[in-house]
Amino acid sequence: MAFPPSFLDELIARNPIEDVVGQYVSLKRSGSNLFGLCPFHGEKTASFSVSPDKGIYYCFGCHKGGGAVNFMMEVEGLSYPDAVRALAKRAGMEVPEDEQYQSRYRQQERLWALHKEAARFFHSQLYAPVGKEALEYAFGRGMSKGILTTFGVGYAPDSWDSLVKAMKAKGYTEEELKESGLVTVSQKNGNIFDRFRDRLMFPIIDVRGNVIGFGGRIIKNDKNAAKYLNSPETLIFNKRKNLFGLNLAKKSKQGYLSLVEGNIDVVSLHQYGFDNAIASLGTSLTEEQAALMTRYADQVVLIYDGDKAGQNATQRAIPILEKAGLQVKVLQIKDAKDPDEYLKKFGADKFRLLLEGSSNRVEYQLNAIRSQYDLSVDDERVKFLQASANLISTLRSPVQQEVY
């Protein structure tokens, strides 16, 4: 049976090879790979290798190898369709075996293709005469041509229908454009026009490399316009379940993820060599985003803005990340409003030292409590100690409680 490629991509993404194999084989890490005793032939020395980065397994003894589907076929003696069904059940996915689901996946593939064409259009406009001001803005923000290419940054012209015309010329229909969220519909006459106009455009790319939406930043001072505008929810885009920059950060060798507030902070950090930076998509951090991070790291450093809103967002994010099983550290930006400004002021080396001095989340929260009280006053000290004790009582480990 032929399954839609988009379904298979999602199936593999939601069934990491190390998790699938780990149900049958005890694995131990050695470098970037995992090793264990081969389940397909008897051996006393671990020659069975799993590569999480490549999504494959290979036995140096019996020479069997492949991906997650192939492993299920071999270990359970299943046919290809049954192995796919087993992995789908494991991931809580519905198998597109009837026309309704086949049609849904074909629609998704069409929208992915449309968004890819839109990203190419926006990127080309950045270097066209119409994008001169936007390109100057990007360079003025310290973005190099190389980083603009890496992130596929583009420009949405200050026009009502530039994208509409370009996509229609590629064969996409008005109905598909409406479904994509790239256009809005006039309530007066039902005509469609470009959602994004006169904005620097950041493609939002999922971990499988599909363009699923866009974030547009205004480049002129306009109090009547939103600073950032993201794509609306569509068949392929759910802002609660995706993270900006994770398609690149998942390849990082840093060993952890850095969570920042905005797209430009992500781009700036990557440009300065911190290629593990990601951001949520115009919303507070969600449980779905935290769960997504756990596929690629065990630790997250929170680098939100130093203002009150950023600190409040930090306090909200900590329990969500810890609930997902992530170790949390917090970096507090001083002498700059955000990572982008700090890097431009002080450079990568000082920022690296700042990262190395990141406090764990308990230290951060204790310091935050401390800042609320005047410790030279007895009553204030009592309140500080009571609030601190309440925080420490929430720690699961008695050892942690004793230390703090």
Side-chain angles (χ1 to χ4, degrees), residues 115 118-119 121-123 125-126 130-143 148 151-164 167 177-188 191-205 211-234 236-245 259-269 277-286 289 303-314 316-317 337-341:
H115 277 74
F121 170 77
F122 290 139
H123 190 65
Q125 295 304 291
L126 184 62
V130 71
K132 181 181 178 183
E133 191 174 348
L135 187 60
E136 288 175 353
Y137 173 85
F139 287 156
R141 293 296 302 259
M143 299 179 204
L148 291 172
F151 279 88
V153 179
Y155 172 65
D158 191 7
S159 161
W160 292 101
D161 59 0
S162 292
L163 180 68
V164 169
M167 295 302 99
L177 284 165
K178 291 176 185 177
E179 291 171 356
S180 73
L182 293 171
V183 301
T184 51
V185 182
S186 170
Q187 293 182 349
K188 291 182 179 180
N191 292 337
I192 62 172
F193 52 91
D194 296 354
R195 174 181 295 274
F196 299 99
R197 299 186 300 279
D198 197 24
R199 289 177 180 270
L200 198 66
M201 298 297 290
F202 297 87
I204 299 167
I205 303 172
V211 181
I212 57 175
F214 292 90
R217 194 203 190 281
I218 199 166
I219 60 174
K220 295 174 183 172
N221 291 324
D222 184 352
K223 294 180 180 178
N224 296 319
K227 185 177 178 181
Y228 282 100
L229 179 65
N230 281 332
S231 291
E233 302 275 310
T234 67
I236 62 172
F237 179 54
N238 185 327
K239 60 188 175 184
R240 293 180 59 84
K241 296 181 179 180
N242 290 279
L243 290 155
F244 180 76
L259 182 63
V260 298
E261 285 197 51
N263 296 0
I264 288 182
D265 285 329
V266 173
V267 173
S268 184
L269 281 162
I278 57 175
S280 51
L281 297 164
T283 61
S284 297
L285 184 72
T286 67
Q289 290 167 337
I303 317 177
Y304 283 171
D305 294 355
D307 58 15
K308 187 173 182 180
Q311 297 312 300
N312 288 339
T314 299
R316 288 194 300 269
K337 70 178 189 296
D338 54 37
D340 178 53
E341 184 179 288

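The shown structure was predicted, so the numbers you read here are calculated from the model rather than taken from an experiment.
Nearest heavy atom pair, residue Y155 against residue A134, reads CD1-CB, 3.3 Å. The two residues G215 and N230 come nearest to each other via the heavy atoms CA-OD1, 3.2 Å. Pairing each heavy atom of L126 with each of L148, the nearest pair is CD2-CD1, 4.2 Å. Closest approach of A279 to G262, counting heavy atoms only: CB-O, 4.0 Å. Across all non-hydrogen atoms, the minimal contact from G245 to V266 is CA-CG1, 4.4 Å. Here the closest heavy-atom approach between residue D305 and residue P339 is recorded as OD1-CD, 4.2 Å.
Inter-residue side-chain proximity for R141 and D340 is flagged as met; some heavy-atom pair is nearer than 4.5 Å. Side-chain atoms of R195 and T184, non-hydrogen and from C-beta on, do get closer than 4.5 Å to each other. With a 4.5 Å cut-off on side-chain heavy atoms, F202 and I204 do not count as touching. At a threshold of 4.5 Å between non-hydrogen side-chain atoms, the residues D265 and F244 do not count as touching. Side-chain contact check for K241 versus Q289: every heavy-atom pair is 4.5 Å or farther apart. Contact of the V164 side chain with the D194 side chain is registered, since non-hydrogen atoms from C-beta on lie closer than 4.5 Å. In this structure, P157 and F121 have side chains that are in contact, with non-hydrogen atoms separated by less than 4.5 Å. Using a 4.5 Å heavy-atom cutoff, the side chains of M143 and V267 are in contact.
T234 places no side-chain N or O within donor-acceptor distance of the main-chain N or O of G181, the cut-off being under 3.5 Å.
Counting heavy atoms of neighbouring residues, nucleotides and ligands inside a 6.0 Å radius, atom NZ of K132 does not exceed 12 of them. Crowding of E136 atom CD: a count of heavy atoms from other residues, nucleotides or ligands under 6.0 Å exceeding 12.
N263 contributes atom CG, which lies 12.5 Å from atom OG of S268 (distance to the nearest 0.5 angstrom). Distance check: I218 CD1 to Y137 OH gives 9.5 Å after rounding to the nearest 0.5 Å. Here the CD1 atom belonging to I278 is positioned 10.0 Å from the CD1 atom belonging to I303, to the nearest 0.5 angstrom. To the nearest 0.5 Å, the span separating CG on L281 from CD1 on I212 amounts to 7.5 Å. Expressed to the nearest 0.5 Å, how far CG of L135 lies from CG of L200 amounts to 9.0 Å. In this structure, K227 NZ and D222 CG are separated by 13.5 Å, a value rounded to the nearest 0.5 Å.
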For this session: Walk me through it: do L177 and M167 pass the test side-chain contact (heavy atoms from CB on, under 4.5 Å)?
Result: CA-CA 8 Å; L177 284 165; M167 295 302 99; 3.8 Å; yes
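No donor-acceptor contact under 3.5 angstrom links the side chains of Y304 and D338, judged on distance only.
Classified by interplanar angle (parallel below 30°, tilted 30° to 60°, perpendicular above 60°), the ring pair F214/H115 is parallel. In this pair, F122 and F196 present their aromatic rings perpendicular. The plane angle is above 60°, beyond the 30 to 60° band.
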